[in-house]
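Report on one structure; see the data block that follows.
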Amino acid sequence: MILTTVVVADPSSIARQLYALCFARFGLAVATAADSEHALSALRRADGLALLVADASVPPSGALKLYELCATLKPVPQLVVTTRAYDAEEAERVKRAGGAAYLTKPIHSIEFSRVVRRIRGDLSRAAPRVRCGTRVNAIVTDPTTHSRLLRWEISDISISGALLATNAVLPIGQRVTADLVIDGEPYPILGEIVRIQPPRETAIRFVDLIKPAHDAIAALVAAEA
């Protein structure tokens with residue numbers, strides 16, 4: 001099923017306009033709504049697979065309640081929930097509901113780009129193996145926690161993210177800044193924890209890689225392919 005339509009459901013008119021401009025660049029039809037009723041109406045009119053981008057607090061009952069109402073639609077749309085403040089329990093509920101992403105505002109357009117590409121099947125789900133021992137010194141940047149220095153070892157890596165061997169337990173959605181050390185050269189990265197698999201594996205996706213880091217990771221992946 002081909003993704004054709006995006007419905008943005010957000011009480012903020014500014015957010016609706018910004019997100020609509022962003023998704024229009026992908027060649028997608030975009031509809032916006034300030035509440036669940038109008039969002040559901042737009043989804044019913046969608047031709048093909050739709051993506052619902054809903055604010056967690058969209059009136060009257062929130063994004064997840066709105067998504068429950070989408071169960072009767074054929075096909076059922078994909079879901080992205082946006083929020084002003086990260087909530088671990090809410091993120092878990094979105095995940096259990098089958099949501100494609102849980103994003104904290106302000107949201108960079110590249111994050112929406114990754115969601116669209118993933119739904120379209122353009123992103124590989126399997127990261128190639130790389131040599132163990134690549135080191136990451138990561139500093140937690142979540143303002144609700146105390147910053148602390150962590151030392152991780154990468155077991156898998158791709159342009160979109162990496163698997164980290166670490167005993168550190170960080171919540172899903174946690175943002176981290178890090179120096180990815182490749183052949184002795186540090187490359188700054190911004191990442192987000194997307195999966196934790198006990199006892200020692202954490203998955204991180206890269207957010208808005210700068211070009212030197214992107215090129216270094218691409219070269220590392222190519223060398224290990």
Side-chain angles (χ1 to χ4, degrees), residues 1-84 86 90-91 93-126 158-161 173 175 190-192 194-195 205-211 214:
M1 184 68 67
I2 298 174
L3 178 64
T4 61
T5 306
V6 175
V7 175
V8 177
D10 198 298
S12 166
S13 61
I14 295 177
R16 293 197 302 271
Q17 293 172 29
L18 289 175
Y19 299 169
L21 287 172
C22 176
F23 286 110
R25 294 172 186 158
F26 305 130
L28 297 168
V30 182
T32 63
D35 56 47
S36 296
E37 179 183 354
H38 289 90
L40 196 58
S41 178
L43 288 166
R44 290 193 179 108
R45 295 193 301 269
D47 180 20
L49 180 63
L51 170 62
L52 171 61
V53 180
D55 182 84
S57 61
V58 64
S61 303
L64 289 176
K65 185 63 177 180
L66 167 58
Y67 195 57
E68 288 179 13
L69 300 176
C70 295
T72 59
L73 299 179
K74 302 296 181 185
V76 175
Q78 296 284 316
L79 173 67
V80 169
V81 174
T82 63
T83 179
R84 294 176 182 83
Y86 178 82
E90 183 175 61
R93 290 195 296 271
V94 171
K95 181 180 178 181
R96 289 200 302 267
Y102 179 76
L103 304 177
T104 304
K105 298 177 178 179
I107 301 167
H108 195 289
S109 62
I110 198 168
E111 298 189 69
F112 284 141
S113 175
R114 287 194 175 100
V115 170
V116 171
R117 290 166 59 202
R118 186 164 65 247
I119 293 172
R120 284 175 166 172
D122 295 337
L123 289 182
S124 171
R125 295 184 180 273
S158 71
I159 290 300
S160 59
R175 288 291 181 91
L190 172 64
E192 180 179 274
V194 293
R195 189 177 74 253
R205 73 178 181 88
F206 298 135
V207 179
D208 201 12
L209 281 178
I210 63 173
K211 191 176 188 304
H214 179 282

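Of all non-hydrogen atoms in A20 and T32, the two that sit nearest each other are CB-CG2, 4.1 Å. Residues L69 and T72 come closest through the heavy atom pair O-OG1, 3.7 Å. For T82 against I107, the heavy-atom pair with the smallest separation is CG2-CD1, 3.4 Å. L103 and E111 get closest at one heavy-atom pair: CD2-OE1, 3.6 Å. The shortest non-hydrogen separation linking V58 to A34 is CG2-O, 4.0 Å. When every heavy atom of A50 is checked against every heavy atom of L3, the shortest pair comes out as C-CD1, 3.9 Å.
Judged purely by atom type and a 3.5 angstrom limit, S57 has no side-chain atom pairing as donor or acceptor with the backbone of G62. Using modelled atom types, no side-chain atom of R205 and backbone atom of E192 make a donor-acceptor pair closer than 3.5 Å. S36 places no side-chain N or O within donor-acceptor distance of the main-chain N or O of L66, the cut-off being under 3.5 Å. Here the side chain of Y67 pairs a donor or acceptor atom with the backbone of P77 at under 3.5 angstrom.
Separating the OG atom in S61 from the CD atom in E68 is a distance of 9.5 Å, to the nearest 0.5 Å. Here C70 contributes atom SG and R44 contributes atom CZ; the two are 8.5 Å apart, rounded to the nearest 0.5 Å.
The closest side-chain heavy-atom distance from Y102 to E90 is below 4.5 Å. F26 places none of its side-chain heavy atoms less than 4.5 Å from the side chain of V6.
For K105, the NZ atom is densely surrounded, since the number of other residues' heavy atoms within 6.0 Å is greater than 12.
A perpendicular orientation is assigned to the rings of F112 and Y19, their planes being inclined by more than 60° (bins at 30° and 60°).
None of L51, V30, L40, L43 except one satisfies the side chain to side chain contact (heavy atoms under 4.5 Å, CB included) rule with V7; the exception is L43.
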side-chain contact (heavy atoms from CB on, under 4.5 Å) between V115 and V53, intermediate numbers included: CA-CA 11 Å; V115 170; V53 180; over 6 Å; no
